[in-house]
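We're numbering straight along the sequence, starting at 1. Everything numeric here is computed off the predicted structure, so don't read it as measured data.
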Amino acid sequence: MTKSSEIILIISVICLFSLFGVIQAEAETPTQSQTHFKVDGKVYCDVCRTQFENRLSKPMSGAEVQLQCRNQTTDTITATVEGKTDEHGFYELLVERDHEDEICEMMLKKSTMDDCTEIPHESNAQEAARITITNNNGIADTTRHANPLFFLKKEASSECDEVFKELELLPEDISLS
């Protein structure tokens, strides 16, 4: 066998193995109708009304959350999944099918702390966490992680001044409303 024949044989074998890899990957890719996604996240009480998590933030056990997907064009709700947080403030929801052309958001439903029930509705606050629920976004894993959600305490704790000093925040830097 000549050297050029050996090179052609080696290249052919590499191409053949590459083709088998592509075929196997396509066979393992789930179809949109049989895909399930897990959405997880956490809920806490913002005791300092800073609208971000800090060392005084309290995980909220038993808080009710809801995932809602809606059509981008018609705003029609296409999916709703509800759940509760565990004792550490974490939740996991199972979402059926791919929602590529939809807007999906995690929202707060109900607090379990009497003095921490306010859902932020200001423009700079996060009242919902948007989630991408599709396989067509470059993420191989079917678990989606939502940004943390929080309820605001009615009045900021007296310990918050110490946290503000630690974070080098001035009162005018934070909206305590």
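Using modelled atom types, one finds a donor on one side chain and an acceptor on the other under 3.5 Å when comparing E82 with Q66. Judged purely by distance below 3.5 Å, without hydrogens or angles, the side chains of E87 and S61 never pair a donor atom with an acceptor atom. Side-chain contact of T134 with D98: a donor-acceptor pair under 3.5 Å is present, judged by distance alone. Checked by atom type, the side-chain pair N71/E102 shows no donor-acceptor distance below 3.5 Å.
Separating the SG atom in C116 from the CG atom in L152 is a distance of 7.0 Å, to the nearest 0.5 Å.
There is a path of hydrophobic side-chain contacts, each under 4.5 Å, that joins V81 to M106. Following chains of ILVMFWY side-chain contacts shorter than 4.5 Å, one can reach L56 starting from L167, so the two form part of one hydrophobic cluster. No single ILVMFWY cluster, assembled from side-chain heavy atoms under 4.5 Å apart, contains both V95 and I103. Linking ILVMFWY side-chain heavy atoms closer than 4.5 Å, directly or via other members, places M107 and V39 in two distinct hydrophobic clusters. In terms of hydrophobic clustering, with Ile, Leu, Val, Met, Phe, Trp and Tyr side chains grouped at heavy-atom distances under 4.5 Å, Y91 and M113 are assigned to a common cluster.
Nearest heavy-atom pair, D114 versus K154, reported as atom, atom and distance to 0.1 Å: O-NZ, 3.5 Å. Nearest approach of A146 to A129, heavy atoms of both residues: CB-CB, 4.2 Å.
T85 places a side-chain N or O within 3.5 Å of a backbone atom of G62 that can act as its donor or acceptor partner. Under the 3.5 Å distance criterion, the side-chain polar atoms of R144 are matched with a main-chain donor or acceptor of T132.
The pair E118-K153 does not count as a salt bridge, with every side-chain nitrogen at least 4.0 angstrom from each carboxylate oxygen.
With a 6.0 Å radius and a threshold of 12 heavy atoms from other residues, nucleotides or ligands, E53 has its CD atom above the threshold.
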